[in-house]
Amino acid sequence: MPNIKSAAKRVKTAAKANLRNRSIKSELLTFRRKVEEAIAAGDKSVATAAVSTYASKLDKAAKRGVIKSNTADRKKSRTAAALAKLA
């Protein structure tokens with residue numbers, strides 16, 4: 001345990017941030033799975049909606065600092081390319 005009051009506070013805030021970041025990353029994995037399933041099923045309208053939602057979630061995660069912006073851009077590009085192959 002930390003001896004200094006500010007260090008104790010940092011431990012608490014880091015734990016809260018860790019929970020929040022894990023939750024957001026888990027949500028991203030869920031949406032990625034939904035996109036992959038929609039593309040595998042071959043339903044273009046459902047896949048387009050799923051990719052749009054996934055891109056939005058990636059942008060929000062990057063804005064909050066959960067993932068880096070280049071990572072978000074790369075994942076959006078790859079899902080868009082997979083969607084384009086479907087067409």
Side-chain angles (χ1 to χ4, degrees):
M1 285 299 296
N3 294 325
I4 300 171
K5 191 174 183 179
S6 61
K9 183 178 179 183
R10 290 305 305 161
V11 168
K12 286 182 186 177
T13 57
K16 281 170 54 176
N18 186 9
L19 284 175
R20 186 169 49 247
N21 290 345
R22 265 195 297 176
S23 170
I24 292 171
K25 283 185 180 184
S26 174
E27 187 179 47
L28 287 176
L29 289 173
T30 301
F31 277 97
R32 185 180 76 189
R33 183 179 45 79
K34 288 181 180 179
V35 166
E36 289 171 353
E37 287 173 356
I39 290 174
D43 190 359
K44 186 168 168 93
S45 62
V46 173
T48 304
V51 167
S52 175
T53 306
Y54 181 53
S56 173
K57 296 287 181 184
L58 284 169
D59 285 336
K60 282 185 181 180
K63 185 173 79 172
R64 293 175 181 162
V66 178
I67 60 173
K68 293 187 176 183
S69 61
N70 284 351
T71 302
D73 290 342
R74 182 179 68 245
K75 291 180 184 220
K76 286 191 303 185
S77 176
R78 288 180 179 171
T79 55
L83 181 65
K85 280 185 183 179
L86 181 65

Q. Taking all atoms of both residues into account, what is the closest heavy-atom pair of A62 and S69, and its distance?
A. CB-CA, 4.0 Å
(Q) Just to verify, what does D59 make a salt bridge (charged side-chain N to carboxylate O under 4.0 Å, His left out) with, not counting sequence neighbours? (A) K76
Q. If every non-hydrogen atom of N21 is compared with every non-hydrogen atom of V66, which pair is closest and at what distance?
A. OD1-CG2, 3.3 Å
Q: Hey, could you give me the NZ/CZ distance between K75 and R32, rounded to the nearest 0.5 Å?
A: 5.5 Å
Q: Compare every heavy atom of A61 with every heavy atom of L28, then report the nearest pair and how far apart it is.
A: CD1-CB, 3.9 Å
Q | Reported NZ-to-CG distance for the pair K57 and L29, which is rounded to 0.5 angstrom | A | 13.5 Å
Q: Enter the distance from I24:CD1 to R22:CZ here, rounded to the nearest 0.5 Å.
A: 12.5 Å
Q: Please answer whether the main-chain N or O of K44 pairs with a side-chain N or O of T48 as donor and acceptor at a distance below 3.5 Å.
A: yes
**Q.** Straight-line distance of R74 CZ to T79 OG1, nearest 0.5 Å
**A.** 11.5 Å
Q. A47 and A38: which non-hydrogen atoms are nearest, and at how many Å?
A. CA-CB, 3.6 Å
(Q) Going by the rule salt bridge (charged side-chain N to carboxylate O under 4.0 Å, His left out), which residues pair with R78 if we only count those two or more places apart in sequence or in a different chain? (A) none
(Q) Tell me every residue that passes salt bridge (charged side-chain N to carboxylate O under 4.0 Å, His left out) with K34, counting only those two or more places apart in sequence or in another chain. (A) none
Q: Please answer whether the main-chain N or O of D73 pairs with a side-chain N or O of S77 as donor and acceptor at a distance below 3.5 Å.
A: no
(Q) Under a 3.5 Å distance rule, please check whether T71 uses its side chain to pair with a backbone N or O of I67 as donor and acceptor. (A) no
Q | Donor-acceptor contact below 3.5 Å, side chain S56 vs main chain S52 | A | no
Q. Are there more than 12 heavy atoms of other residues, nucleotides or ligands under 6.0 Å from atom CG of L19?
A. yes
Q) Applying the 4.5 Å side-chain criterion to the ILVMFWY set and letting contacts propagate, would V46 and V51 be lumped into a single cluster? A) no
**Q.** Distance, nearest 0.5 Å, that separates CD of E37 from CZ of R33
**A.** 5.0 Å
Q | Pairwise distance OH(Y54) to CD(E27) - rounded to 0.5 angstrom | A | 11.5 Å
